[in-house]
Each structure stands twice: as structure tokens, then as C-alpha cells.
Amino acid sequence: ITDPVLMQNGGPLEQSAAFFFTNADTGFYGALTCLYRTVNAGLSWSPIEIPADGQPATPEINGYRINEIYFSEPTCGWATGNGDCSCVLKTTDSGQSWQLAYSSYGYRNYTGLHFTDCNRGGFLVTTSYTPYLIMTSTNFDSTYSHDFDGLPSTPEALCFQNDSVVWVGGWQDGFIQRSTDSGLTFETLNPSGISPEHFGISEIIFFGDSGYAIGNHV
């Protein structure tokens, strides 16, 4: 980022947490209640207007922080925002405009955003109660969820390897969960040679049959 004003105290990118580049020139940065886009490899950034909550019965989506951005292909992308009303935003025009795809009232920590195509994917939800996974195959026209009750730590990483295999990783007292039935049921895998209390998983990524779990101490 070459414009120092953006990174100064109070600047739009000072508290940014999320970024994603769809190619060498085009990228997105998430800040407080706003998204920024660059089309010149970060030399300059332009703000993108974020829609308000379309449901009049719930509060406007404001005061949230964009904390994750993910594109399954150059035209289709998502962003999660956490705050008084947590939300998932979606774009189908390469990030020029964004629409509200999913929201929930009350603070929810959305993490692990991952999609396999423009319709199928999901994210992890952490509350003061049981963490769970929300999945969709219809662009949130319908959803289903899986609770991770009794896990030793909070799930943070999510990866849809293919239509059947879904991976979830946890932070603190780390674990790796695998589903082979599209997220209906999960089994716990313990990596050999590593004590579970010594690692946490913050990201899982697969390239075909080869996968990587990334975190601390691993």
C-alpha cells in the first residue's frame, strides 16, 4: 500500500483485517463498515459502498468490521462482517457492487469463509454458546447447519475440498474435523507426532488430494 494516508491513525485501512486478490492487479481490503478495491496492484484504493440491511424489522447493518473476503472465481465473491448485526455480503460482478446474502441479529463471529462455486459454500459461526457451521448450496436461499458441541476449542478454519469432503480446523487445543458426507457428520483426526494442546489450525487449503493445515506450531 503506497498511499500512507490510508494507513494513518483514523485512516480507512488502519484497522483492516481482511484482504483477497483475484489477480495480480485486482484486490480487496476490508475495513470498518467498508470495502476497498484496487485495480493497480495496490497503488491506489477506492471505497465500495456496502448495502444496509434490507430487512426493516432488524437494525441497519452498521458498526461492523469486515473480517474475511473470499472469491471462488473472479466474478463471485463474499465478505463477512461482524458487529451488532453480523452479515455475509456477495458480489457477482467482480466486486463492483455487493448485496446482502445472509445476516443475523446479535453479535456473531463469522470465520472460515469458503466457497467452491457461486452457490455452494459456507462459514463458521462462534457465539458464547455452541459453535456451528452454516452451509448452503443455493446461495443462501436455503441453509443447513452442523453444531460442534463438545469440541475442545473454537473452530476457525473451513475448506470444502469437493462436493463431499469438508474440513474444519480449531484454534487452541487444536483439532482437525473431516466430513465425507457434505458436512452432515464429522470425525476427528489427530495428526501423528503432535500433541493436540500444542497447536491450533487457522487455515486449511487443498489442491486436489494434497492439503495443508496452517496454524501455530504446525
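Each residue takes its place number in the sequence, starting with 1. Every heavy atom of this structure was used, including side-chain atoms; hydrogens, water molecules and symmetry mates were not.
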Distance col, row Glu156:CD vs Leu124:CG, nearest 0.5 angstrom, shows 8.5 Å
Result for ring-ring contact (aromatic ring centres under 6.0 Å, His included) between Phe71 and one of Trp78, Phe115, Phe21, Phe28 points to Phe28
Ala24 and Ala41 have their tightest heavy-atom pair at O-CB, 3.5 Å
Here the gap from Ile214 atom CD1 to Ile204 atom CD1, rounded to the nearest 0.5 Å, amounts to 9.5 Å
Ser142 and Thr138: side-chain donor and acceptor closer than 3.5 Å? yes
>> Check the orientation of Tyr29 and Trp45. Use parallel for under 30°, tilted for 30 to 60°, and perpendicular for over 60°.
In response: perpendicular
* Taking the side chain as C-beta and beyond, is there a heavy-atom pair between Asn119 and Asn139 under 4.5 Å? -> yes
In this structure, OG1 of Thr22 is separated from CD of Glu73 (nearest 0.5 Å) by 11.5 Å
| request: Could you label the plane-to-plane angle of the Phe20 and Tyr70 rings as parallel, tilted or perpendicular, counting under 30° as parallel and over 60° as perpendicular? | output: perpendicular
- request: Kindly determine whether Glu68 and Tyr110 satisfy side-chain contact (heavy atoms from CB on, under 4.5 Å), including the steps that lead there.
  value: CA-CA 8 Å; Glu68 288 202 33; Tyr110 292 172; over 6 Å; no
Per side-chain contact (heavy atoms from CB on, under 4.5 Å), Phe123 is matched among Thr136, Leu133, Leu113, Thr111 by Leu113
message = Tell me if the OH atom of Tyr132 is crowded by more than 12 foreign heavy atoms within 6.0 Å.
response = yes
Smallest heavy-atom separation, Cys118 atom then Ser72 atom, equals N-OG, 4.0 Å
* Hey, are the side chains of Arg178 and Ile176 touching, using non-hydrogen atoms and a 4.5 Å cut-off? -> no
Interatomic distance, OG@Ser104 vs CD1@Ile134, rounded to 0.5 Å, equals 7.0 Å
Heavy-atom nearest pair, Ser202 first then Gly215, reads OG-CA, 3.8 Å
- Look only at the side chain of Ser179 and the backbone of Thr185, and say whether a donor-acceptor pair between them is shorter than 3.5 Å. yes
### Task
Quick one: do Asp209 and Gln161 satisfy side-chain contact (heavy atoms from CB on, under 4.5 Å)? Show the steps, please.
CA-CA 8 Å; Asp209 291 331; Gln161 182 181 353; 4.0 Å; yes
One should read off an interatomic distance between Cys76 SG and Lys90 NZ, to the nearest 0.5 angstrom, of 5.5 Å
Notebook entry, point to check: Mind checking whether Trp167 and Leu189 have side chains closer than 4.5 Å, heavy atoms only?
Noted result: yes
Chi angles and distances behind the side-chain contact (heavy atoms from CB on, under 4.5 Å) call for Cys87, Leu100: CA-CA 7 Å; Cys87 65; Leu100 181 68; 3.7 Å; yes
*Could you walk me through whether Asn109 and Asn67 pass the side-chain contact (heavy atoms from CB on, under 4.5 Å) check?*
CA-CA 9 Å; Asn109 188 30; Asn67 69 323; 4.0 Å; yes
_Is the ring pair Phe140/Tyr102 parallel, tilted or perpendicular, if the boundaries are 30 and 60 degrees?_
tilted
Between Asp147 and Ser145, is there a side-chain donor-acceptor contact under 3.5 Å, judged purely by atom types and distance?
no
CD (Glu187) and CG (Asp181) are apart, to the nearest 0.5 Å, by 9.5 Å
#### Entry: pair Ile69-Leu35: side-chain heavy atoms closer than 4.5 Å
yes
In short, Pro155 meets Phe148 closest at the heavy-atom pair CG-CD1, 4.3 Å
Cys159 and Tyr212, any side-chain heavy atoms less than 4.5 Å apart: no
**OP:** Indicate yes or no for a side-chain donor-acceptor contact from Arg37 to the backbone of Ile48 under 3.5 Å, with no hydrogens or angles considered.
**Re:** no
